[in-house]
Amino acid sequence: MDAFAFAASEVRQHDPERFFADLFAPESERRYLFALHAFNLEIARVRERVSEALPGEIRLQWWRDLLEGTANGEVAGNPVAAALIETIGLNSLPRAALINLIEARVFDLYNDPMPSLSDLEGYAGETAAALIQCGALVLAKGRDPGSADASGHAGVAQAITGLLRALPWHARRQQLYLPAHLMAKHGVKAEDIFAGRATPALMALLAEMRAIARSHRDKARAAIGRLDTALLPAFLPVALVEPTLLRMEKRGYDPFQTAVALPQWQVQWRLWRAARRGNI
């Protein structure tokens with residue numbers, strides 16, 4: 001299996017929403033999107049693979065060194081790394097943006113609180129939004145796609161929705177992405193979250209977070225409408241934001257117990273519909 005085929009298999013298995021979205025890209029660019037999203041998986045899953053923060057820092061440093069051209073070890077021995085380096089070179093991707101993505105993910109290794117909404121939006125901007133922007137660059141064949149504003153709002157909407165969906169998983173490892181100042185505003189206590197208690201205060205905070213995600217989604221939709229339609233595959237996962245948020249608003253919803261992930265058939269259908277209509 002070559003490096004790009006390996007990257008595609010990783011994305012299909014571990015990030016099916018992005019995988020199915022990537023299938024709507026032209027075949028000539030699809031492999032590069034798979035490489036980019038496989039790299040994101042490698043970075044996002046570092047905490048899952050280590051028992052302490054220090055080994056995680058070492059893994060992230062290896063990827064930093066790779067992007068800076070100083071990595072030790074044979075890059076060809078890591079198919080995702082090999083595919084990523086080729087993708088960067090052929091599509092003029094900004095290494096600095098990918099390094100910033102790695103830097104932002106250091107937060108994942110620790111249980112520090114997310115101080116504010118602006119900090120959360122910054123985290124989303126350097127992770128999900130940067131990934132979308134790089135995807136748009138691939139689809140624009142390395143030229144400036146003029147999609148920074150659309151990518152920024154789309155990434156924040158996607159990231160907040162994903163973090164709300166992952167709340168029970170993060171709570172089990174005592175990790176918080178909810179902004180501390182909004183927790184204080186609503187009187188939400190970290191110990192209640194870690195204990196899996198869906199208090200009225202927490203439910204009010206989550207409702208505000210959904211409103212924030214929707215606000216960014218709406219701004220993303222407006223900005224995407226002004227872009228070349230060839231860039232749409234990079235933004236397609238944002239079409240899953242609203243149906244996911246709606247599942248969090250059904251009667252009896254418990255943020256720690258209710259499954260809100262969309263079934264695969266619905267993921268594929270909503271992505272197909274968005275691609276056919278030409279908007280998210």
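Note that the numbering runs from 1 along the sequence shown for the chain.
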Set out, in order, the CA-CA distance, both residues' side-chain angles and the distance that settles salt bridge (charged side-chain N to carboxylate O under 4.0 Å, His left out) for Arg64 and Glu103, then state yes or no.
CA-CA 9 Å; Arg64 285 193 202 93; Glu103 294 289 348; 2.8 Å; yes
Could you tell me whether Arg276 atom CZ has more than 12 heavy atoms of other residues or ligands within 6.0 Å of it?
no
Tell me, yes or no, whether the heavy-atom count around Glu48 atom CD, taken from other residues, nucleotides or ligands under 6.0 Å, exceeds 12.
yes
Hey, does the side chain of [X] reach the backbone of [Y] with a donor-acceptor pair shorter than 3.5 angstrom?
X	Y	value
Asn91	Leu93	no
Ser147	Ala150	no
Arg30	Ala25	yes
Asp228	Leu231	no
Gln174	Phe194	no

Can you find a heavy atom in the side chain of [X] that is under 4.5 Å from one in the side chain of [Y]?
X	Y	result
Met248	Arg165	yes
Val238	Ile224	no
Trp62	Asn78	yes

Phe4 and Tyr32 aromatic ring geometry - parallel, tilted or perpendicular at 30°/60° bounds:
perpendicular
Presence of salt bridge, Glu242 and Arg221, under 4.0 angstrom
no
Does Arg173 count as lying over the ring of Trp169, i.e. NZ or CZ under 6.0 Å from the six-ring centre, within 45 degrees of the axis?
yes
Across all chains, not counting sequence neighbours, the salt bridge (Lys or Arg N to Asp or Glu O under 4.0 Å) partners of Asp218 are none
Residues that His153 engages under ring pair (Phe, Tyr, Trp, His ring centres under 6.0 Å), provided they are two or more places apart
His216
